[in-house]
Amino acid sequence: VGTGASRDVFTKRLGVDTAGTPVSASPAFDEYAPDISPDGRHVVYVSTESGRPEVYLRSLVDPNAERVQVSVDGGEEPRW
């Protein structure tokens, strides 16, 4: 979803949610290319927060869990 000059990652349960829930949303950085784990418990996505694209993992079942950077030296197009 684009918001101005950046893209953000949201989740939405089809047939349940009327609006998306932000997974990673910042007006200053791009967040894009989300991919949900086969069990539906996690999402990986790309963020440019570090100044270059990096892949991050975030829990979808625990909103208080910290995100984890899973790329080491930049990354794009995450897949399970």
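Predicted model, so just to flag it, every value in this text is computed and none were measured.
Taking each heavy atom of Arg7 and Asp30 in turn, the nearest pair found is N-OD1, 2.7 Å. Heavy atoms only, all atoms of each residue included: Arg79 and Asp35 are closest at CA-OD2, 3.3 Å. Scanning both residues, Asp8 and Glu31, for their nearest heavy atoms gives OD1-OE1, 2.9 Å.
When the shell of 6.0 Å around CD of Gln69 is examined, it contains more than 12 heavy atoms from other residues, nucleotides or ligands. Heavy atoms from other residues, nucleotides or ligands lying under 6.0 Å from CZ of Arg41 number 12 at most.
When hydrophobic residues (I, L, V, M, F, W, Y) are linked wherever their side-chain heavy atoms come within less than 4.5 Å, Val16 remains an isolated member. The hydrophobic cluster around Val70 extends to Tyr32, Val44, Val46, Val55, Leu57, Val68, Trp80, counting ILVMFWY residues whose side-chain heavy atoms fall within less than 4.5 Å of a member.
Residue Ser24 holds its OG atom at 9.0 Å from OH of Tyr56, rounded to the nearest 0.5 Å. Annotation: the span from Ser50 atom OG to Phe29 atom CZ amounts to 9.0 Å, rounded to 0.5 Å. The CZ atom of Arg58 lies 9.5 Å from the CG atom of Leu60; values are rounded to the nearest 0.5 Å.
Applying side-chain contact (heavy atoms from CB on, under 4.5 Å) to Ser59 and the options His42, Arg67, Glu66 leaves one that passes, His42.
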